[in-house]
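Presented below is the structure to which this report refers.
These figures come from a predicted structure and were not determined experimentally. By convention in this document, chain letters (A, B, ...) are assigned in the order of the sequence lines, proteins followed by strands, and residues within each chain are numbered from 1.
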2 protein chains.
Amino acid sequence: MAKVEFNIACSLCEHLKDSLFNGLSPEDLSRINNHKTCVQYKKGQNIFYEGTRPTGLYCMNAGKVKVFKNNVQGKEFIIYIAKPGDFLGYRALLSEEFYQATATVLEDAKICFIPKENFFEVLQKNPTFMKRVVKAVCHEMGVMEEKLAELAHKSVRERLAANLLMLKETYGMEGEGSSLIDLALSREDLASIVGTATETVIRLLSDFKSDGLIAFEGKKIRVLDARKLAKQADLIVA
Amino acid sequence: MAKVEFNIACSLCEHLKDSLFNGLSPEDLSRINNHKTCVQYKKGQNIFYEGTRPTGLYCMNAGKVKVFKNNVQGKEFIIYIAKPGDFLGYRALLSEEFYQATATVLEDAKICFIPKENFFEVLQKNPTFMKRVVKAVCHEMGVMEEKLAELAHKSVRERLAANLLMLKETYGMEGEGSSLIDLALSREDLASIVGTATETVIRLLSDFKSDGLIAFEGKKIRVLDARKLAKQADLIVA
DNA sequence: AATCAAAACTGACAAAAGTCATCTTTTTGT
DNA sequence: ACAAAAAGATGACTTTTGTCAGTTTTGATT
């Protein structure tokens, strides 16, 4: 599959307002804009690979990307799912290490690449931007601490419920008393998010469905009863 | 227990070389030094609490501190163990959030407190320092990603072995063909690091002891055969 | 429309790990 | 030095979850 280029000015990007680039001066933004390369990726294509050296920053314009690690037996663990407006691969770039994870397209995506020189240039000349990046990174770290504790002490059922709620928060399209998770995840991917076996996810999902907590719509999941799901996740006691 | 103050000039601190403050200009270092308050803590005392607002940065001069989260049932998960030279509580400070974890002294400690105004002042005036902090934070994030994947897909036995090796790397005092983990951890704390029940840790440790991988020395653990431990951790195949 | 492959699902079973109860040893405070 | 409390250890049992083997359904391709 050949890579297809496209181009959208950063200043006109509809996701600028959700991005860390929001608030950048016109000069800084055009410095980013003038050096970026934008590429369309198909589902299944890889953006970067574990073990390789970052050469710049990816910024999502459209689609969904999973960032995951493979263990020795080849099992995936999904660390993060990136959506439009998100940065991709900034951790390894900023820590000056190799990528520790692989990024693969879940839903056809448009992603811009900013060479590290230009990104670092803006970062260094602009303390406000730097501060915003630090704040975002540290917030992300807090999210991961939360996940760690969850993984350590919650059952698979609780974790699945919690992750469905989290996905609802991030990718939910609100309907009447219910919310569709706008993300076509395979059972296998969902298992890789929760940290369990595919079969276990399948069984638990059909439990949740029987109990009227969720419904299936094509490849997507609709959350029917977020409150009961939260109980399953042991997030609320009542 | 009353807090006992002490004072050591940052410039003379034996751990400066291991700290992120290393490389700061004499003016910046004295700005930190002039505003810090240094306190001696006894084992069991708390440095900060989950849910409270950070007012500054803690910098370890002596002792060991565990940073942990409590789950609903009151079970601890230890995120990090801080040693001399380490910063404490920087994540919540930099993300401008409440503390998401509690810090408690494991071994009698001396800890300096730097008010956030002064820390931020130095951070903002000194891009090199800022960059070093960002690099460290992003590196830490990588460590946590590693832990997440480990927690998701490894057995308790593998995780215990991996954590013993990790503790050996950080707190190990090398002897002849063996290494003493210089950290007096209770079985319960070790369980909170690995993310399992205390009884399970006790059983596995005595397995490892029977197999000659480790030995007990008072409250501490000596790693006798790191290679075999690494096999148990599934880190090496052979 | 037929064919193939991948994904989803189901059941049976085994292994891993948690829980609870109890006992022993060590540590701590008076 | 002693009592009380905490930590460590062990056994029995249950629950959870993973694995494996097989079937059904779905989706893509020719």
Review point. In whole angstroms, how far is the C1' atom of D/dG18 from the CZ atom of A/Phe77?
Key: 17 Å
Exercise for review: Find out whether the Lys NZ or Arg CZ of A/Arg187 is both under 6.0 angstrom from the six-membered ring centre of A/Phe216 and within 45° of the ring's axis.
Suggested key: yes
Review point. So do B/Glu140 and B/Tyr80 actually touch side chain to side chain, heavy atoms under 4.5 Å?
Key: yes
**Study point:** B/Leu88 vs B/Leu57 side-chain heavy atoms within contact, under 4.5 Å
**Key:** no
Review point. Does a side-chain heavy-atom distance below 4.5 Å link A/Leu167 with A/Leu190?
Key: yes
Pull out every protein N or O sitting under 3.5 Å from an N or O of nucleotides 5-9 of chain D, one pair per line with the distance.
unit_1: D/dA7; atom_1: O3'; unit_2: B/Lys219; atom_2: NZ; d: 3.4
unit_1: D/dG8; atom_1: OP1; unit_2: B/Lys219; atom_2: NZ; d: 3.1
unit_1: D/dG8; atom_1: OP2; unit_2: B/Arg187; atom_2: N; d: 2.9
unit_1: D/dA9; atom_1: OP2; unit_2: B/Arg187; atom_2: NE; d: 2.9
unit_1: D/dA9; atom_1: OP2; unit_2: B/Arg187; atom_2: NH2; d: 3.3

Practice item. Tell me which residues in residues 146-160 of chain B put a heavy atom below 4.0 Å from DNA chain D, sorted by number, or none. Key: none
Point to revise | A/Asp207 CG - C/dG11 P separation (whole Å) | key: 12 Å
Check your understanding: Where do A/Gly212 and A/Asp225 come nearest, in terms of heavy atoms and distance?
Key -> O-CB, 4.1 Å
Exercise for review: Measure the distance from NZ on A/Lys220 to P on C/dA7 and round it to the nearest whole Å.
Suggested key: 18 Å
Practice item. Could you tell me the separation between the CG atom of B/Asp108 and the P atom of C/dT28, rounded to a whole number of Å? Key: 11 Å
Check your understanding: In terms of ring plane angle, is the pair A/His153 and B/Phe77 parallel, tilted or perpendicular, where the classes change at 30° and 60°?
Key -> perpendicular
**Study point:** Rounded interatomic separation in angstrom, taking CG from A/Leu190 and P from C/dA7
**Key:** 15 Å
Check your understanding: Is a donor-acceptor contact shorter than 3.5 angstrom present between the side chain of A/Arg203 and the base of D/dG18?
Key -> no
Revision key, fill the gap. Of D/dT10, D/dC20, C/dA17, the nucleotide closest to the side chain of B/Thr200 is C/dA17
Exercise for review: Establish, for the pair B/Lys110 and B/Phe6, whether the NZ or CZ atom is under 6.0 angstrom from the six-membered ring centre and no further than 45 degrees off its axis.
Suggested key: yes
Review point. Any cation-pi pair here, A/Arg222 with A/Tyr171, using under 6.0 Å and within 45°?
Key: no
